[in-house]
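Computation of the quantities below employed the complete heavy-atom set of this structure, encompassing side-chain atoms and omitting hydrogens, waters and symmetry-equivalent molecules. The structure displayed is predicted, hence computed values, not measured ones.
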Amino acid sequence: MAKIKMTTPIVEMDGDEMTRILWKMIKEHLLEPFIELNTEYYDLGLEHRNETDDQVTVDSANATKKYKVAVKCATITPNAARMTEYDLKEMWKSPNGTIRAILDGTVFRAPIVVKGIEPCVKNWKKPITIARHAYGDVYKGSEMKIPGAGKVELVYTAKDGRETRELVHEFDGAGIVQGMHNVSQSIESFARSCFNYALDIKQDLWFATKDTISKKYDHTFKDIFQDIFDAEYREKFDKAGITYFYTLIDDAVARVMKSEGGYIWACKNYDGDVMSDMVSSAFGSLAMMTSVLVSPDGYYEYEAAHGTVQRHYYKHLEGEETSTNSVATIFAWTGALKKRGELDGNQELMDFADRLEKATLDTIEGGKMTKDLALITTIENPTVLNSEDFIKAIAERL
């Protein structure tokens, strides 16, 4: 069988721990036998990020601007324990945060729905898509440990030298402080991405922040969304028969739990990070969620919406068998291949990606799955497969 050719590369961002092991297996069993895989490779493993002073992360994001489509493996965002484990020069920032800051745009995350895996929330009948702002807030924050009594202020110095000050806190003793920011242009891009996506898939759009407490920061998000909706999208939404509404984040959480699903829930950066994990887990598994960063400039970065599966990796290093779910990582590849095919007019590549997704879901619905799904499936007597055998079972169907 002749392999499918690719005319333009995909930017390939390799990652860490167990997902790095799965990445290699997916390429070996599901991609390379069928496609002349054309990628520009960047190693975003923590050791290589440390060697390059994280320049490799910046380079991979700039390559995405060049080629328009990227696929990313899960990566470690180091904490104090990782500093010691990997002997790091410094506590490097989240690679996702760095890439998203360079590409801007919005992260859309939606559960992968498969028969036999029923949502924990029994009234959820349709997928809920989380639209996560991809720039700023705590992910670009500056932090400081306060050693003792003193005053902390926010200071804005205008170009003409004039200063505006806002007291943060008058400290009586030791403490901590964090400063974060966002920019209007990015919030506007976020709003338009959400409105356009809602029109594309013809679903209602919710947006939620905490403007009652954050009367300037969160309120600015709310105002920008409303102004853009009123000026550019109200009539289009009416014509499409869909609605946009704003509510407080705590009210949104309560509404989501009682809803049937079938809408887009837009969140600020941190809220989207947390809520996407809740939604994916309640729909079945963190490994059953698609994630794509869509930039207003036409760049697309596909990834799994979960971490590096550290616990399984340590088992793997000790020679123990693991049963790690690779579905979200497979769907990151299929999403990128479909988009590459669409941009290049390569129907054969798009069809292959569709078949790989179908083979993956059919394997699960046929009763063969990883341990995390076997524990929650309604399918009787499922066959629990280890990490590699699950991928091989998909390859057989493919």
Side-chain angles (χ1 to χ4, degrees), residues 1-45 48-49 56-57 59-75 95-96 99 103 112 287 290-294 298-306 308-309 324-363 387-398:
M1 185 176 102
K3 289 188 183 182
I4 297 163
K5 289 181 170 53
M6 293 173 62
T7 51
T8 316
I10 287 172
V11 176
E12 178 186 351
M13 306 172 183
D14 209 345
D16 286 301
E17 296 189 318
M18 198 63 210
T19 44
R20 188 182 181 97
I21 306 296
L22 296 176
W23 195 260
K24 192 164 176 275
M25 291 177 188
I26 289 164
K27 286 172 69 178
E28 182 186 342
H29 297 297
L30 300 178
L31 303 177
E32 287 167 345
F34 308 100
I35 306 171
E36 281 186 15
L37 205 55
N38 184 1
T39 71
E40 185 159 307
Y41 179 86
Y42 293 87
D43 183 359
L44 266 55
H48 193 238
R49 277 184 273 145
V56 65
T57 307
D59 292 346
S60 71
N62 287 326
T64 305
K65 286 185 171 183
K66 179 180 178 182
Y67 293 112
K68 310 283 190 194
V69 182
V71 60
K72 181 182 171 293
C73 183
T75 45
N96 287 342
I99 293 162
L103 299 182
I112 299 162
T290 62
S291 180
V292 55
L293 172 71
V294 181
Y299 315 132
Y300 298 83
E301 184 235 338
Y302 296 81
E303 61 180 337
H306 59 70
T308 56
V309 205
T324 317
N325 191 332
S326 51
V327 172
T329 307
I330 293 168
F331 272 64
W333 272 103
T334 57
L337 291 170
K338 267 194 269 196
K339 182 53 69 174
R340 179 79 281 154
E342 181 190 314
L343 295 179
D344 292 353
N346 187 340
Q347 189 63 46
E348 209 179 356
L349 192 60
M350 294 164 71
D351 290 344
F352 169 79
D354 285 335
R355 288 194 194 103
L356 177 49
E357 288 183 2
K358 186 175 187 315
T360 304
L361 299 182
D362 285 353
T363 300
S387 306
E388 188 162 20
D389 285 348
F390 176 63
I391 290 169
K392 284 179 175 175
I394 296 167
E396 278 177 38
R397 280 191 181 262
L398 188 59

First locate atom [atom1] of [X], then atom [atom2] of [Y], and finally report the distance between them rounded to the nearest 0.5 Å.
| X | Y | atom1 | atom2 | result |
| --- | --- | --- | --- | --- |
| H29 | K392 | NE2 | NZ | 5.0 Å |
| I112 | F331 | CD1 | CZ | 4.5 Å |
| K66 | D59 | NZ | CG | 12.0 Å |
| N38 | I4 | CG | CD1 | 13.5 Å |
| I21 | C73 | CD1 | SG | 9.5 Å |
| L30 | T329 | CG | OG1 | 11.5 Å |

Quiz prompt | Passing candidate, side-chain hydrogen bond (donor to acceptor under 3.5 Å, both in side chains) with R49, options D43, D16, T75 | solution =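 So, applying the side-chain hydrogen bond (donor to acceptor under 3.5 Å, both in side chains) to R49 and each of D43, D16, T75, only D16 qualifies.
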
Hey, are the side chains of [X] and [Y] touching, using non-hydrogen atoms and a 4.5 Å cut-off?
| X | Y | answer |
| --- | --- | --- |
| L31 | L337 | yes |
| L22 | S387 | yes |
| W333 | L37 | yes |
| Y300 | V294 | yes |
| I99 | M13 | yes |
| K72 | N96 | yes |
| T19 | H306 | yes |
| L293 | T64 | no |

Please find the pair of heavy atoms, one from [X] and one from [Y], that lie closest to each other, and give the distance.
| X | Y | result |
| --- | --- | --- |
| T363 | R397 | OG1-CD, 3.2 Å |
| K338 | A353 | CG-CB, 3.4 Å |
| R20 | Y41 | NH2-OH, 3.8 Å |
| K3 | E32 | NZ-O, 2.9 Å |
| Y302 | A332 | CB-O, 3.3 Å |

Quiz prompt | Modelled atom types, side-chain donor and acceptor of E357 and T334, under 3.5 Å | solution =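 Note: E357 and T334 side chains meet the donor-acceptor criterion.
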
Self-check item: ring-ring contact (aromatic ring centres under 6.0 Å, His included) against F352, all qualifying residues, sequence neighbours excluded
Solution: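 By the ring-ring contact (aromatic ring centres under 6.0 Å, His included) rule, F352 matches F34.
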
Would you list the atom pairs, donor with acceptor, under 3.5 Å between side chains in residues 341-348 and any protein atom, with sequence neighbours excluded?
| residue | atom | partner | partner atom | Å |
| --- | --- | --- | --- | --- |
| E342 | OE1 | K339 | NZ | 3.3 |
| E342 | OE2 | K339 | NZ | 3.1 |
| D344 | OD1 | T8 | OG1 | 3.3 |
| D344 | OD1 | R340 | NH2 | 3.4 |
| D344 | OD2 | T7 | OG1 | 3.2 |
| D344 | OD2 | T8 | OG1 | 3.0 |
| D344 | OD2 | R340 | NE | 3.1 |
| N346 | OD1 | E348 | N | 3.4 |
| N346 | OD1 | L349 | N | 3.1 |
| N346 | ND2 | K5 | O | 2.9 |
| Q347 | NE2 | D351 | OD1 | 2.9 |

Practice problem: Take V309 and E17 through the test side chain to side chain contact (heavy atoms under 4.5 Å, CB included) and record every step on the way to the result. | Solution: CA-CA 7 Å; V309 205; E17 296 189 318; over 6 Å; no

